Amino acid sequence: MTLDIPRIEQLLQDGVRDRVYPGAVWAVGNASGTTASGAVGHLDPTRPDEPMQLDTVFDIASLTKIVAVWAVIGTLVEEGKLQLHTPLGTFWPEVTSHPLAQVTTHELLTHTAGLPLRANLKNLYGTDPQDIRDGVLHEALHRAPSEAVEYTDRAALVLGYLAEYLASQPLDHLAASRIWEPLGMTETRFGPLPTGVVTRCAPTELDEESDTHLKGTAHDFSARLLGGTCGIAGTFSTLTDLSRFLRHILAPTQVAFGPVWTADSLRIRTGELTPARGLFWHPAPGADLREDVWVHYGFTGTGMWISPSQQRWAAFLTNKLYFTRDRDPLAGVRNSFRATAFS
């Protein structure tokens, strides 16, 4: 496959011109490394002397679900500490005798568990982390498990709590020790970021309380409510680190999750239900299923794609939330980027 780099650069420059995002970084590669990469625009449109850089740190939002939760759960499954189809209530005392007891890990990973569709953590449970954990794990289901595919942040929150229970460690420690450190992802961490790193961080949405754009503090309210770390969001990373993660998916070693977990995850696991889902990953919109391109997005304007059959990966990181919560303009750029990166 020949990568049309000028087309990608023009596409992303057009996104800056059209104020879809202040700036962006991108990379495409294979199991051996990065084939091409680039940066466009600025960290902050009010500061034209600060161009977006390849080493910019991004709030990757829901990519946390992949680089932390999905990856850590994969290690627990491959170690035999967790079975995907075993009801949670049979081995997890915190959910026994509660509605979540009948749900399986597989249903959480395919968004078929029937969980409530919105987090609403503070409104429902207050601000105490233990009260939030108890509330989430004891909440009534929205519908019967395996009845429908409905994306909900709660699935990752529950899986994060599950990983903490099984490994007796907090999620940030598990992600760092089991995934990020072994893969050499030295700039990936949960926020808030240390002062020295904040200067390289892309600002996101305007915070009404401080009247400044969030920078180095998670945009996601649930992550901030829980001190920066949760299964939903809260991770910060760079293009280089995410490239290392994606390369590992194509050529797994024994240092983190292995090839069995990847193969099980990157195939349709929802039967005839729609939209089709793998394990947290889902088929890329607009791509034929035969192309074997899987994706996960982050609300701040981030995305990662992987294709085992094509032996190719791609990453596209922006801070589109600086301008708007409207998803449509970025969706168009993302889909065009994917089509070019995997053409």
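From a predicted model like this one, the values you see are computed outputs, not experimental measurements. Every heavy atom of this structure was used, including side-chain atoms; hydrogens, water molecules and symmetry mates were not. The residues of the chain are indexed from 1 along the displayed sequence.
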Salt bridge (charged side-chain N to carboxylate O under 4.0 Å, His left out) partners of residues 202-231, not counting sequence neighbours, each pair once: Glu205-Arg325
Taking [X] for its side chain and [Y] for its backbone only, find out whether a donor-acceptor pair lies under 3.5 Å.
{"X": "Arg200", "Y": "Asp55", "answer": "yes"}
{"X": "Thr302", "Y": "Ile60", "answer": "yes"}
{"X": "Glu50", "Y": "Asp44", "answer": "no"}
{"X": "Ser336", "Y": "Val333", "answer": "no"}
{"X": "Asp241", "Y": "Thr188", "answer": "yes"}
{"X": "Trp261", "Y": "Trp70", "answer": "yes"}
{"X": "Arg143", "Y": "Gly114", "answer": "no"}
{"X": "Arg244", "Y": "Gly184", "answer": "yes"}
{"X": "Asp326", "Y": "Asp328", "answer": "yes"}
{"X": "Asp128", "Y": "Asp131", "answer": "yes"}

Looking only at non-hydrogen atoms, find the nearest pair between [X] and [Y] and report the distance.
{"X": "Val25", "Y": "Met52", "result": "CG1-CG, 3.7 Å"}
{"X": "Pro192", "Y": "Thr217", "result": "CB-OG1, 4.3 Å"}
{"X": "Ser62", "Y": "Ala233", "result": "N-CB, 4.4 Å"}
{"X": "Glu291", "Y": "Gln310", "result": "O-NE2, 2.8 Å"}
{"X": "Leu266", "Y": "Asp292", "result": "O-OD1, 4.4 Å"}
{"X": "Thr46", "Y": "Tyr322", "result": "CG2-OH, 3.8 Å"}

What do the steps show when you test Thr105 against Gln83 for side-chain contact (heavy atoms from CB on, under 4.5 Å), and what is the final call? CA-CA 7 Å; Thr105 303; Gln83 288 72 45; over 6 Å; no
Surrounding CD of Gln254 (heavy atoms of other residues, nucleotides or ligands, distance under 6.0 Å), is the total greater than 12? no
Using a cut-off of 6.0 Å, state whether more than 12 heavy atoms not belonging to Arg118 lie near its atom CZ. no
For the residue pair [X] and [Y], establish whether any side-chain heavy-atom pair is separated by less than 4.5 Å.
{"X": "Pro145", "Y": "Thr104", "value": "no"}
{"X": "Thr127", "Y": "Lys122", "value": "yes"}
{"X": "Thr235", "Y": "Val67", "value": "yes"}
{"X": "Glu79", "Y": "Arg178", "value": "yes"}
{"X": "Leu100", "Y": "His138", "value": "no"}
{"X": "Leu3", "Y": "Ile8", "value": "yes"}
{"X": "His248", "Y": "Pro182", "value": "no"}
{"X": "Trp305", "Y": "Val28", "value": "no"}

Would you mind checking if Lys65 and Asp153 are paired as a salt bridge, meaning a charged N to carboxylate O distance below 4.0 Å? yes
Determine, stepwise, if the pair Val136 / Leu124 fulfils side-chain contact (heavy atoms from CB on, under 4.5 Å). CA-CA 9 Å; Val136 169; Leu124 290 171; over 6 Å; no
Enter the distance from [X]:[atom1] to [Y]:[atom2] here, rounded to the nearest 0.5 Å.
{"X": "Ile306", "Y": "Thr262", "atom1": "CD1", "atom2": "OG1", "result": "8.0 Å"}
{"X": "Glu107", "Y": "Leu88", "atom1": "CD", "atom2": "CG", "result": "8.5 Å"}
{"X": "Met185", "Y": "Ser237", "atom1": "CE", "atom2": "OG", "result": "4.5 Å"}
{"X": "Thr270", "Y": "Leu109", "atom1": "OG1", "atom2": "CG", "result": "12.5 Å"}
{"X": "His42", "Y": "Arg47", "atom1": "NE2", "atom2": "CZ", "result": "11.5 Å"}
{"X": "Leu157", "Y": "Ile132", "atom1": "CG", "atom2": "CD1", "result": "8.5 Å"}

Return yes if a side-chain donor-acceptor contact under 3.5 Å exists between Arg269 and Thr110, otherwise no. no
Would you kindly say whether Thr212 and Ser210 are connected by a side-chain donor-acceptor distance under 3.5 Å? yes
Between Phe58 and Phe316, is the ring centre distance below 6.0 Å? no
Give a yes or no on whether the ring-centroid distance for Trp313 and Phe245 is below 6.0 angstrom. no
Transitively linked via ILVMFWY side-chain contacts under 4.5 Å: [X] with [Y]?
{"X": "Val158", "Y": "Leu82", "value": "yes"}
{"X": "Trp180", "Y": "Val255", "value": "yes"}
{"X": "Phe91", "Y": "Val72", "value": "yes"}
{"X": "Phe323", "Y": "Tyr297", "value": "no"}

Please walk me through it: do His282 and Val295 pass side-chain contact (heavy atoms from CB on, under 4.5 Å)? CA-CA 6 Å; His282 62 90; Val295 68; 3.3 Å; yes
Look at the aromatic rings of His296 and Trp281 and report parallel, tilted or perpendicular, splitting at 30° and 60°. perpendicular
Mind telling me whether Tyr165 and Trp92 have parallel, tilted or perpendicular rings, with 30° and 60° as the class edges? parallel
List in chain and number order the residues that pass side chain to side chain donor-acceptor pair (under 3.5 Å) with Glu164, two or more places apart in sequence or in another chain; answer none if no residue qualifies. Arg133
Is it true that the NZ or CZ of Lys320 lies under 6.0 Å from the centre of Phe299's six-membered ring and within 45 degrees of the ring axis? yes
By the rule that ILVMFWY residues connect when side-chain heavy atoms come within less than 4.5 angstrom, directly or transitively, which residues belong alongside Val198? Val57, Leu193, Val197, Phe236
Working for side-chain contact (heavy atoms from CB on, under 4.5 Å), residues Leu317 and Leu242: CA-CA 10 Å; Leu317 308 176; Leu242 295 180; 3.7 Å; yes
